[in-house]
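Read the structure below first, then the notes.
These numbers were taken from a predicted model, which means no experiment stands behind them.
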Amino acid sequence: MSAPTGPRPLEYERVAGELRRMIVDGHLRPGDRLPAEGELTARMGVSRGTLREALRVLSAQKLLTSARGVNGGTFVAEPSPDDVVGHLETSLTLLSRGRVSAGHLLEMRSQLEVPAAELAARRRTEDDLQQLQLSVTGLAEAKDPQRLHMNSSFHLLLLRASGNPLLEMMARPVFTVLRERFHRDEPGPDFWGRVACEHEEILQQVREGNSRGARRAMRSHLSGLRETYIRIDVNRLGD
């Protein structure tokens, strides 16, 4: 007996999937114009309405863009970092309401930020150091509800100082989900005072170019954040 299968995708989903694979595999590259509608419908064996629905799906996913005029048409889009972050934020927000716990999010932060701190100690610029110092000072002086934002700002600046834009792109959605998850249950001023001191220690290691020290300081900092966030999350779920 054959294994059970799930529901068959709708025709427009099948077409969207085929075009998506062509883009991901590099058969269609950013800036390429798709063939004319008549040619695509014949090639895919679907109606114009089905094709248009598939193109709308891919446009919503920022994979395609359209232009009018003599040189217009439907083109493969060049994804921007904000497009990638927005898609990840939406997906991660939905997952965090079910299968993804606060612990999972915090583990992800550690996997990204601990090595990022090490890289930042090697690659930071004077401008990076100035921006990080402003963030540390701002957190020490901030009042609710700016503290959570200032905290995220420091971490994003540090990721940026690592010189690897992918680290920031991957981390920003995690920060957004955590911020939305805990913004109603902020810790008290004692917690934020400790965070400001730990940020200062991380910055000092980065300023000195001590990659091992920066890595160690970030790991210790995130470990402390984990304990607080997990406690808040448990109390939130118990309400």
Worked verdict on R160 versus Q131 for side chain to side chain contact (heavy atoms under 4.5 Å, CB included): CA-CA 11 Å; R160 201 166 298 160; Q131 294 299 317; over 6 Å; no

Kindly work out whether a path of hydrophobic side-chain contacts (I/L/V/M/F/W/Y, heavy atoms less than 4.5 Å apart) joins [X] to [Y].
X	Y	value
L158	L166	yes
L63	V85	no
F191	L178	yes
V195	L134	no
Y12	M44	no

Show the nearest heavy-atom pair for residues [X] and [Y], with the distance to one decimal.
X	Y	result
A54	A16	CB-N, 3.7 Å
E89	V177	O-CG2, 4.4 Å
V114	R215	CG1-CG, 3.3 Å

Main-chain N/O of [Y] paired with [X] side-chain donor or acceptor, under 3.5 Å:
X	Y	value
S220	A217	no
S223	R219	no
R33	G72	yes
H87	V84	no
R20	L58	no
D25	H27	no
S135	F154	yes
R147	W192	no
T41	G38	yes

Walk me through whether M169 and L88 qualify under side chain to side chain contact (heavy atoms under 4.5 Å, CB included). CA-CA 9 Å; M169 286 171 56; L88 288 174; 5.9 Å; no

Could you check whether any side-chain heavy atom of [X] comes within less than 4.5 Å of a side-chain heavy atom of [Y], counting everything from C-beta outward?
X	Y	value
V76	L34	yes
V46	R14	yes
E107	V174	no
T176	L92	no
T137	Q133	yes
R226	R109	no

[atom1]/[X] to [atom2]/[Y] distance, rounded to the nearest 0.5 angstrom?
X	Y	atom1	atom2	result
L129	L203	CG	CG	6.5 Å
L222	Q111	CG	CD	10.5 Å
L167	E113	CG	CD	9.5 Å
R124	L157	CZ	CG	14.5 Å

Taking atom types as modelled, is there a side-chain donor on E126 or Q130 under 3.5 Å from an acceptor on the other?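 Their side chains do not contain a donor-acceptor pair, so the 3.5 Å distance test is not met.
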
Under 3.5 Å side-chain donor-acceptor pair for Q205 and R216: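 No, no side-chain donor-acceptor pair sits under 3.5 Å.
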
Let me know which of Q146, H199, H149 forms a side chain to side chain contact (heavy atoms under 4.5 Å, CB included) with L139.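 The single option meeting the side chain to side chain contact (heavy atoms under 4.5 Å, CB included) with L139 is H199.
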
Would you say CG of D127 has more than 12 non-hydrogen atoms from neighbouring residues, nucleotides or ligands within 6.0 angstrom?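 Enclosed.
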
According to the interplanar angle, ranging from 0 to 90°, do the rings of H221 and H155 count as parallel (below 30°), tilted (30 to 60°) or perpendicular (above 60°)?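 It falls in the parallel class, under 30°.
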
Could you walk me through whether T50 and E11 satisfy the side chain to side chain donor-acceptor pair (under 3.5 Å) test, starting with their C-alpha distance in whole Å, then the side-chain angles of each, then the deciding distance to 0.1 Å, before giving a yes or no? CA-CA 7 Å; T50 297; E11 274 296 279; over 6 Å; no

Show the numbers, then the answer: is there a side chain to side chain contact (heavy atoms under 4.5 Å, CB included) between I202 and V136? CA-CA 10 Å; I202 295 168; V136 169; over 6 Å; no

For V15 and V57, what are the C-alpha separation, side-chain angles and deciding distance, and is it a side chain to side chain contact (heavy atoms under 4.5 Å, CB included)? CA-CA 10 Å; V15 174; V57 169; over 6 Å; no

As a quick check of understanding, evaluate side chain to side chain donor-acceptor pair (under 3.5 Å) for Q204 and E208, giving each step before the final call. CA-CA 6 Å; Q204 183 62 29; E208 294 175 358; 2.6 Å; yes

